Amino acid sequence: MLPERFRGGLSKSRGRCEGWLSASWRHELAASAVLSAACLVLIVVFTDLKTEGTALYADPGWDRHFYRLMAVQGLFEFRLAPYCWRVLVPALAGWSPLALQTSFFVITSTSLWGTGVVLYFTARGRRHSPTVASLGVLLFYSLGWGSKFIVADFWIPDGAALLLVSLALWAALEKKLQVFGAVMLVAAVTKESVLLAAPLYLCLNLRRPVDGRFVVTAAAALIPAAVVAILLRAVVAQQNGDAEYFATMPEDIRRFPDLFDHYSYGRLLLEVGYEERFRHRELADFLRYTTSPLGIALPILVMFGLRRSWRLALGMVAFFVLTYAQLLFATDTQRLVVLVAPCLVILALEGVREFERQFRLPPAVLIPSAVALFLLVLIGRQTYEVRFEAQALVVAVTISAATLWRRQRRIDKRPRG
């Protein structure tokens with residue numbers, strides 16, 4: 001009788017908690033904000049940040065030096081592509097009254113914190129319970145390349161990019177076309193990769209194979225973003241390959257002139273897509289495209305989710321394909337792939353509901369597993385890879401416990417005597 005009473009007590013406590021949260025959106029905002037902040041604070045505490053004066057920051061030739069220089073020089077002065085077109089975050093940091101380093105950190109940490117909150121409310125918009133939505137927040141912060149790496153190298157605009165992708169997904173699912181268009185407009189001056197999410201609204205909301213009016217309306221909302229992106233490239237002309245301009249760069253950038261030949265997608269496709277990725281392909285590359293940035297728990301839950309909501313997954317396929325197409329033109333593998341994390345989290349929550357249906361388990365039972373996955377990301381102050389073996393162990397224990405739970409419930413329901 002004790003296990004039965006214990007389960008009943010947990011169920012009542014969970015019900016009261018979810019009842020309090022559901023009573024007001026302010027309660028849910030506060031709870032999601034606290035949960036996201038707690039995860040982010042723990043990540044910051046257990047991560048070596050690339051702050052000025054450290055050996056990690058001094059590592060030359062990397063993005064942080066470009067964005068810092070953009071903030072110092074001012075809007076449109078920096079001319080090395082593609083960094084020179086990602087003007088929003090450096091501009092905000094340069095205009096901020098705070099110290100430059102503090103400004104970049106505040107922008108990045110606020111963006112990552114906001115991403116957790118947006119994912120929570122996106123899940124609630126899908127009619128998931130507060131418990132399931134909280135699981136989504138934990139899953140997002142469990143991705144080392146989606147949170148820990150960005151916190152460590154807080155100078156880069158990737159945190160803002162993930163926030164914009166999350167907002168775009170929320171706007172698409174809520175059918176808020178004007179908001180979606182505004183998000184894409186901001187994306188055009190933040191990081192061009194976020195524009196790959198542009199098909200989300202159309203793909204998630206198209207209900208007939210031929211609906212010309214809807215297609216035109218959805219496309220029209222993207223015109224401002226497209227115009228701004230084109231104008232930005234016209235106004236800020238790249239000077240890659242210009243020896244005279246390159247000579248004006250600081251030493252930590254000048255040391256790598258071979259990295260800044262004339263910027264063209266044709267050259268990148270040949271050098272990166274063909275030479276680096278196709279000709280020298282290895283099994284380890286496949287892992288860098290999949291389990292390294294995304295782990296195994298998230299994809300497994302996504303597979304469960306495909307059975308429950310294949311239409312949702314189908315609406316995200318175009319964004320996934322475009323995101324992976326970046327691998328043909330850029331070398332930062334995990335950073336590129338993790339851009340789809342917000343979409344995968346929402347799909348994974350569909351998997352949580354399917355897991356609940358198949359195993360007859362309340363989602364709250366998965367909270368210890370989600371917490372364990374999150375704690376794994378805190379191991380290793382300079383490690384961003386998802387630990388395959390440790391995640392596999394957590395997944396195996398979770399599935400084994402769920403199987404035993406279902407078996408015990410069947411035994412309990414048998415007639416006695």
Side-chain angles (χ1 to χ4, degrees), residues 36-74 77-78 80 82-84 86-116 141-163 190-191 246 248-260 288 292-293 330-336 338 374-387:
S36 299
C39 292
L40 196 56
V41 166
L42 285 172
I43 291 172
V44 171
V45 170
F46 287 91
T47 302
D48 286 339
L49 306 183
K50 298 177 182 180
T51 52
E52 293 176 312
T54 64
L56 291 173
Y57 174 83
D59 188 15
W62 297 103
D63 297 8
R64 73 190 74 89
H65 302 289
F66 311 140
Y67 295 120
R68 189 189 187 286
L69 186 58
M70 289 173 67
V72 171
Q73 289 184 341
E77 295 297 323
F78 188 77
L80 293 180
Y83 313 98
C84 58
R86 304 165 184 174
V87 298
L88 182 61
V89 171
L92 292 176
W95 296 334
S96 170
L98 301 173
L100 198 59
Q101 178 170 263
T102 304
S103 298
F104 273 104
F105 181 78
V106 169
I107 292 170
T108 294
S109 57
T110 302
S111 298
L112 288 173
W113 168 78
T115 301
Y141 289 114
S142 299
L143 301 176
W145 287 96
S147 54
K148 189 175 183 178
F149 171 78
I150 298 174
V151 165
D153 204 356
F154 56 87
W155 305 88
I156 61 179
D158 294 38
L162 279 175
L163 174 60
T190 302
K191 193 173 183 183
F246 194 73
T248 66
M249 294 291 101
E251 172 62 21
D252 48 21
I253 298 177
R254 287 203 314 271
R255 288 175 58 185
F256 299 91
D258 55 310
L259 296 178
F260 302 101
R288 283 194 289 270
S292 174
T331 57
D332 295 322
T333 304
Q334 292 92 335
R335 284 176 59 189
L336 302 177
V338 84
F374 170 72
L375 293 178
L376 290 177
V377 85
L378 304 180
I379 301 173
R381 301 185 65 85
Q382 298 179 29
T383 302
Y384 316 116
E385 303 289 329
V386 172
R387 286 166 171 75

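What you are looking at is a predicted structure, and each value in this text was computed from that prediction instead of being measured.
A 4.5 Å side-chain heavy-atom check between F260 and Y83 finds at least one atom pair inside the cut-off. In this structure, the side chains of Y57 and Q101 stay at 4.5 Å or more apart for every pair of heavy atoms. Contact annotation: the side chain of W155 never approaches that of D63 to less than 4.5 Å [non-hydrogen atoms, C-beta and beyond].
Taking CG of L49 as the start and CG of L56 as the end, the distance is 9.0 Å to the nearest 0.5 Å. Note that the CZ atom of R335 and the CZ atom of F149 stand 5.0 Å from one another [nearest 0.5 Å].
When all heavy atoms of Y384 and A152 are compared, the pair lying nearest together is OH-CB, 3.5 Å. Nearest approach of M70 to V87, heavy atoms of both residues: CE-CA, 4.1 Å. Closest approach of V377 to S142, counting heavy atoms only: CG2-O, 3.7 Å. The two residues T47 and R381 come nearest to each other via the heavy atoms O-NH2, 3.4 Å.
Under the rule for a salt bridge (charged side-chain N to carboxylate O under 4.0 Å, His left out), R255 has no partner lying at least two apart in sequence or in another chain. Under the ring pair (Phe, Tyr, Trp, His ring centres under 6.0 Å) criterion, F154 pairs with F105, not counting sequence neighbours.
Panel note: side chain R254, backbone M249; a donor-acceptor pair is recorded below 3.5 Å.
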Review point. Please walk me through it: do F46 and K148 pass side-chain contact (heavy atoms from CB on, under 4.5 Å)?
Key: CA-CA 9 Å; F46 287 91; K148 189 175 183 178; 5.8 Å; no
